Protein chains: 2
Amino acid sequence: MTQIKETEVIKEIRISTEEKIVTAARKVFTKKGLSGARMQDIADEAGINKALLHYYFRSKEKLFEKIFEEASTKMFTKITEFIDSKEMNLFEKIEKMVENQIVMSMENPFLPAFVVNEFHQNAESSICQTIGQKMTVSKKLIEQIQEAVNQGFIRPINPLQLFINIMSLSMFPFIAKPIMQINTGLSDELFAVLMEQRKKEVADFIIRAIRM
Amino acid sequence: MTQIKETEVIKEIRISTEEKIVTAARKVFTKKGLSGARMQDIADEAGINKALLHYYFRSKEKLFEKIFEEASTKMFTKITEFIDSKEMNLFEKIEKMVENQIVMSMENPFLPAFVVNEFHQNAESSICQTIGQKMTVSKKLIEQIQEAVNQGFIRPINPLQLFINIMSLSMFPFIAKPIMQINTGLSDELFAVLMEQRKKEVADFIIRAIRM
DNA sequence: GTCTATAGCGAGATAGAC
DNA sequence: GTCTATCTCGCTATAGAC
């Protein structure tokens, strides 16, 4: 242990504080958004001083950018993970997509609403443009759906509509969660049970809707 | 014309300015949210001075409250409009709900994301609590779905899941519109065509998914 | 690398003339 | 009712000690 070089120790400490900041920023930004978040909140959450935030990340915008990019990537990575697989058929892919997206949302409850909202409010900003470009929506799935239609494997449907449906059914409940909870009094525990059910329910729902 | 009493003329002018403010506030708040909106932006949009906003509405919060309540009501009014009807069967109601919600969203493109986001960011605030209570989610539809299941009219399904699915498919596309547009380059015109198609497509999709 | 203190500015809100 | 000018405060960002 004592043989670790000093530079490594320093690096270790540096990363640790930086990581504390990132974790805190993630929590505050995803909850309050760019304009709603306060640097003071992030500092408090991280248990450090406000000035340190500026030492590690030059500005609020730079810190936000990091969190926003990370969040956008996470949101679209899982759902596209299996899209290009050659080994699964369309139904299996849909099942996997739905499950992955629901699991991701359960682990990161504020993430979908955060990403969607920042794009909504700042669609024309350079940050959104840059990040939006990076997220390559695979055209493979669209093509595979079209092919399934052509071969009579599923009923005729506009592939883009089906893609939208898959995303809608997987993500919307997490975005609407606070509204649902306020006027139905649904507890976090019951919500979690409901979402657990949904992994299977949504896949079934979609497959029934598109099969011949 | 000249016979109109002075009091009426004055009232006319007052309402006119107030209406200008509300219209401007609606536009700015639904686009930028509470924390992102600036009173100056609203004044500019209304073509008046900042001080006038405070003359008509005491504070930014009060003005926001009005817009937010109006928006929340609009968002959930249309979708529940036909829920209690005795004359329609379940499938007809679903068709109507979907169509109404899509039409409303096309006319008020920023509204769904706005409402959902403010509830997300301020779920515990008094404004959200108050407004959330007012929106009575009719239990009639849930009951009617359960009955349809019991009678074997539709396949067994958790009524709440079906309700969530209806809302998801109708509203999510408008919330995700900016993201879709950035990375597919979809124009406003093509998006509108797609949503027009959806009125029928979504209803079909749901009915196929739940029929026996 | 981490802190305290403070500069500097932007935004909500008010005073007061017209 | 509507405007200009201004107060006040909160927030981002920086200076500088340790």
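Per chain, numbering begins at 1; letters A, B, ... match sequence-line order. As the structure is a computational prediction, the values presented were derived from the model and not from experiment.
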Ring-face cation of [X] near [Y] (centre distance under 6.0 Å, axis angle within 45°):
X	Y	answer
Lys177(B)	Phe191(B)	yes
Lys96(A)	Phe82(A)	yes
Lys62(A)	Phe57(A)	no

Round to a whole Å and report the spacing from [atom1] of [X] to [atom2] of [N].
X	N	atom1	atom2	value
Arg58(B)	dA13(C)	CZ	P	9 Å
Glu19(B)	dG1(D)	CD	C1'	17 Å
Lys60(B)	dT14(C)	NZ	P	15 Å

Positions of residues 37-54 of chain B (non-hydrogen atom under 4.0 Å from DNA chain C), listed by number: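 Heavy-atom cutoff 4.0 Å gives Ala37(B), Arg38(B), Met39(B), Lys50(B), Ala51(B), His54(B).
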Pair Lys31(B) + Glu124(A), salt bridge at N-O below 4.0 Å: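 Between Glu124(A) and Lys31(B) there is a salt bridge, with a charged N closer than 4.0 Å to a carboxylate O.
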Between the side chains of Gln133(B) and Asn183(A), does any donor sit under 3.5 Å from an acceptor?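 Side chains of Gln133(B) and Asn183(A): no pair found under 3.5 Å.
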Can a donor-acceptor pair be found between the side chains of Arg198(B) and Asn165(A) at a distance below 3.5 Å?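 There is such a pair (donor and acceptor under 3.5 Å, judged by atom type) between the side chains of Arg198(B) and Asn165(A).
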Could you name each residue pair satisfying ring-ring contact (aromatic ring centres under 6.0 Å, His included) that touches residues 30-51 of chain B, not counting sequence neighbours?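 Listed by first then second residue: nothing to list.
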Near DNA chain D, counting only heavy atoms under 4.0 Å, which residues of residues 22-35 of chain A show up?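 When residues 22-35 of chain A is checked for heavy atoms under 4.0 Å from DNA chain D, there are no hits whatsoever.
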Full working for side-chain contact (heavy atoms from CB on, under 4.5 Å) between Phe174(A) and Phe110(A): CA-CA 8 Å; Phe174(A) 296 92; Phe110(A) 288 95; over 6 Å; no
Which residue, Glu61(A) or Tyr55(B), contacts DNA chain D at a nucleotide closer to its 5' end, judged by nearest heavy atom?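 Nearest nucleotide further toward 5': that of Tyr55(B).
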Would you say Thr17(A) places a side-chain N or O within less than 4.0 Å of OP1 or OP2 belonging to dT2(C)?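 The answer is yes; a side-chain N or O of Thr17(A) sits under 4.0 Å from OP1 or OP2.
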